Amino acid sequence: MEHQKYIGELGDWQRSHHCCELTSANIGDEICLMGWAQYRRDHGGLIFIDLRDRNGLTQVVFSPEHNIQAHEQAHILRTEYVLAVKGVVRERPEGMHNAGMVTGDIEILVSEWKLLNTSRTPPFAIEDRLDASENLRLKYRYLDLRRPKLARNFILRHKAVQSVRRFLDEQNFLEIETPILTKSTPEGARDFLVPSRVNDGQFYALPQSPQLFKQLLMVAGMERYYQVVRCFRDEDLRADRQPEFTQIDCEMSFVDQEQVMAMAEAMICRLFKETVDVELPSPLPRMTYAEALRDYGLDKPDTRFGLKLQDVTDVVKGSEFKLFGSAELVKGLRVPNGVDMSRKEIDDLTEFVKIYDAKGLAWIKVKAEGEWQSPIVKFFSEEEKQGLAQRLGMQVGDIVFFQAGPAVMVNTALGQLRNELGKRLGLIDPKKFNPLWVTDFPLLEYDAESKRYVALHHPFTAPVGGVEALQADPGKVLSNAYDMVLNGSEIGGGSIRIHTQEMQQAMFQALGIGEEEAREKFGFLLDALEFGAPPHGGIAFGLDRLIMILTGSSSIREVIAFPKTQKATCVMTEAPSAVAAKQLRELHIRLREKKKD
RNA sequence: GGAGCCGUAGUUAAGUUGGUUAUAACGCCGGCCUGUCACGCCGGAGGCCGAGGGUUCGAGUCCCUUCGGCUCCGCCA
């Protein structure tokens, strides 16, 4: 930091342009740029600096022929020094244009400049060629964010949010804030808790989503609400999951499912147009939950490539091959031109499906007409072989993978295998955006562990058929819920809500939540439903995940300014951390002794 | 709670069946350089091999423990 003595004041200097907006149209203009020294090319007699700001790069030249003092001083410049330059825009000499640079036709001939700050040598280069570990990037996140790629992600994220706000404002939605300190509720994810100082032994919870508040805003007669809102879930992290994340949360009164979906669709279409200039199909394709599971094995199908699953349970029913013959579900996945797959590749895929509880991976290679290579083919009768060939449409050159067993496992393992094959075989066009709606979800799901039904969506989702249907056969009831899926990721989901107290109580009953517990946990909602709650419904989009897909990022961390590590810590601030004993005392908290062996 | 991959100059990596003084590139420092653009040329400095323990005459390398990062399963209405 030996150059600190040269640091000058900004004074009355004002930036006239951003880097990257100057073109040959500006030649001759007197301008002033401010930014960071990206690259330094000091030829002794002539010094080039690529000046970087949020928007891009511009080459500035220090020449002794133009201003000997400015040139002399510029020898001290190092990467990431902050400077202001005044000078004139000029065309680069013939043959010196740089086609790889937006501003490659021009350069700034510096007549005067100021050093605004020095910089330690950064721990990694500030450029898109990634050469730093995740840990280092997170520790110096403010440097990582200087990289153009990340800056672009946040510019796009900003545009997306602005687009949504404009759209929803035009549609007469009101942006209303809801509490961050709220009440812990059963069901759903683990809550983050905040101890109350004023109320000994009691805790707030951070919201997993503003679900109940937005419903209460409907009861309040706000009619249309939205919020770009932070949500918190204390669950383990993934590449696409952070403990705090942002939702675009919407709710509307006096609407049915179609109206909510039409609104959401229009919002997303406009967002795509205004951020990445992509026209999405209108209306968006739709698929029922049952179709998604049948053809793709998952409730969030990636429709950018084929390879649909095929149910062959009936074909092999009662087969001598017991593994298939007596399985609840048997499905095949035909991969055209997969016959050359090596033993090792198949072994890899076998290991892959084992993650999802599959015991193994059966396969058949169609070598030639009527010539199958397979470890399992000997168990099948001629009739079964015929049936399989026909059902799966097997052709010479194919490999077919099979999974047999409990339905959930078969669908999950084969569905995930399908996605994996899509990746490995290069079947996915990374530029493609394939959004679709998944509808007609079951309302409830039986949880073997707690031996009761749990809500697939959440316990405020309206059942199709009302109270009677719910009481008749809870497991069979569908819900008025809908998810938007993009490229195999769930990016949004919503439902029509229960708006009568009678229905809500029937729902709690179906979930095994007693009247007393319902009162204690959701009394305010039940009360509100008794005061003229309008029919209402809504949807929430996961903003981070959406931006992740729009920017082609492989991790959600690339679109969150200050994300957490997989252990939910912040490497930069070192949160979470211990607190002073006094703080704990005020909160009526005593820490337990650490376990010793 | 579980599985896998990773940790070596500032950074990214190489490091053979355990064997001299631990390599390379980039970066950094010094010098030279008036048309470079990831400038170039010459020279130089820079290491707790994540941490702790063990095996061994000898450990970056083998074993155990532990910390951290990433990916995944469980979990995430």
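Proteins get letters first, then strands, A, B, ... in listed order; numbering begins at 1 in each. Predicted model only: the values in this text are computed from it and were never measured.
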| query | In Watson-Crick or G-U wobble terms, both distances under 3.5 Å, what is the partner of B:G68? | reply | B:C6
| Within the structure, does a side-chain N or O atom of A:Y39 lie under 4.0 Å from either OP1 or OP2 of B:C39? | no
| query | Within the modelled atom types, does a donor on one side and an acceptor on the other bring the side chain of A:R129 and the base of B:A38 under 3.5 Å apart? | reply | yes
| field | Nearest-Å distance once atom C1' is located in both B:U11 and B:G47 | value | 14 Å
| request: Consider the side chain of A:A239, meaning its heavy atoms from C-beta on, and name the nucleotide among B:C29, B:C72, B:C70 that approaches it most closely. | output: B:C72
| task | Tell me whether A:H43 is stacked on the nucleobase of B:U36, counting only the six-membered base ring and applying the 5.5 Å and 30° thresholds. | result | no
| Separation of A:I355 atom CD1 from B:C72 atom C1', in whole Å? | 6 Å
| message | Using the side-chain heavy atoms of A:T121, tell me which of these nucleotides is nearest: B:G35, B:U71, B:C28. | response | B:C28
| query | Within the structure, does a side-chain N or O atom of A:S133 lie under 4.0 Å from either OP1 or OP2 of B:A13? | reply | no
| said: Pick the closest RNA chain B nucleotide for A:R40 and for A:P64 by heavy atoms, then say which residue is nearer the 5' end. | reply: A:P64
| task | Would you kindly check whether a donor in the side chain of A:D236 faces an acceptor in the base of B:G74, or vice versa, at under 3.5 angstrom? | result | yes
Interface polar pairs with nucleotides 44-46 of chain B, N/O, under 3.5 angstrom:
none

| said: I'd like to know whether CD of A:Q501 has more than 12 heavy-atom contacts from other residues, nucleotides or ligands below 6.0 angstrom. | reply: yes
| B:C48 versus B:C32 - spacing of their P atoms, nearest Å | 33 Å
| Is any side-chain N or O of A:T79 closer than 4.0 Å to OP1 or OP2 of B:A38? | no
| field | Side chain of A:P123 (C-beta onward), nearest among B:G10, B:C75, B:G69 | value | B:G10
| field | A:K564 backbone acceptor or donor facing A:Q242 side chain under 3.5 Å | value | yes
| Pair of N/O donor and acceptor under 3.5 Å linking B:C37 base with A:R92 side chain | yes
| request: Go through the N and O atoms of the side chain of A:R190 and the base of B:G74, and report whether any donor-acceptor pair is under 3.5 Å. | output: no
| remark: Atom CG of A:D144 and atom C1' of B:G69 are separated, to the nearest Å, by 14 Å
| request: Determine the interatomic distance between C1' on B:C63 and the same-named atom on B:G18; round to the nearest Å. | output: 13 Å
| Distance below 4.0 Å between A:K567 side-chain N/O and B:G68 OP1 or OP2 | yes
| task | Would you indicate which nucleotide in B:U36, B:C33, B:C72 comes nearest to any side-chain atom of A:E107? | result | B:U36
| query | When only distance counts, do a donor and an acceptor, one from the side chain of A:R120 and one from the base of B:C28, lie under 3.5 Å apart? | reply | no
| request: State whether the distance check finds a donor on one side and an acceptor on the other, under 3.5 Å, for side chain A:R241 versus base B:C76. | output: yes
| query | Counting only side-chain N and O atoms of A:R41, is one of them less than 4.0 Å from OP1 or OP2 of B:U36? | reply | no
| Pick the nucleotide of RNA chain B nearest each of A:G95 and A:E445; which residue has the one closer to the 5' end? | A:G95
